[in-house]
A.B. asks: 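Could you have a look at this structure, given as structure tokens, before my questions?
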Amino acid sequence: MRISDIELVSGGARALGTGHGVTLGMTASGHMGRDVTAFGAWMDHSGFSVQTTGQTVGDIAVDSRNGIAGGILTGARPAGRHGSTV
């Protein structure tokens with residue numbers, strides 16, 4: 001996936017906090033009978049988003065989660081340690 005293929009939609013997003021120069025944003029809305037909550041951030045050359053969706057179909061609750069990340073790969077993982085917090 002090319003970075004130009006990723007659509008960044010930030011309308012109604014609110015900033016939750018910043019760590020290591022990255023600000024995490026969040027949106028919550030309803031769309032076509034679904035409750036949608038998304039978290040994401042855009043950095044210099046990459047971005048990511050995770051999303052949860054919930055809806056009820058008849059008597060069945062349907063929940064889904066997905067994520068996407070894209071951008072320039074450096075070939076090395078970010079500095080830090082497992083379990084560290086932002």
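Remember, predicted model here, so these are calculated numbers, not experimental data.
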A.B. asks: Looking at residues at least two apart in the chain, or sitting in another chain, which of them share a side chain to side chain contact (heavy atoms under 4.5 Å, CB included) with T52?
C.D. replies: T37, R65

A.B. asks: Holding to side-chain hydrogen bond (donor to acceptor under 3.5 Å, both in side chains), I want the full list of residues that pass it with S29, two or more places apart in sequence or in another chain.
C.D. replies: none

A.B. asks: Between OG1 of T23 and CG of L16, what distance do you get to the nearest 0.5 Å?
C.D. replies: 10.0 Å

A.B. asks: Please tell me if the side chains of F39 and T27 come closer than 4.5 Å, counting only heavy atoms from C-beta onward.
C.D. replies: no

A.B. asks: Considering residues at least two apart in sequence or located in another chain, which fulfil the side chain to side chain contact (heavy atoms under 4.5 Å, CB included) criterion with M43?
C.D. replies: V22, S46, F48

A.B. asks: Hydrophobic clusters here meaning ILVMFWY residues chained together by side-chain heavy-atom distances under 4.5 Å, can you tell me if M26 and V36 are in one?
C.D. replies: no

A.B. asks: Mind checking side chain to side chain contact (heavy atoms under 4.5 Å, CB included) for Q55 and listing every partner two or more places apart, or none if nothing turns up?
C.D. replies: R34, V57, V62

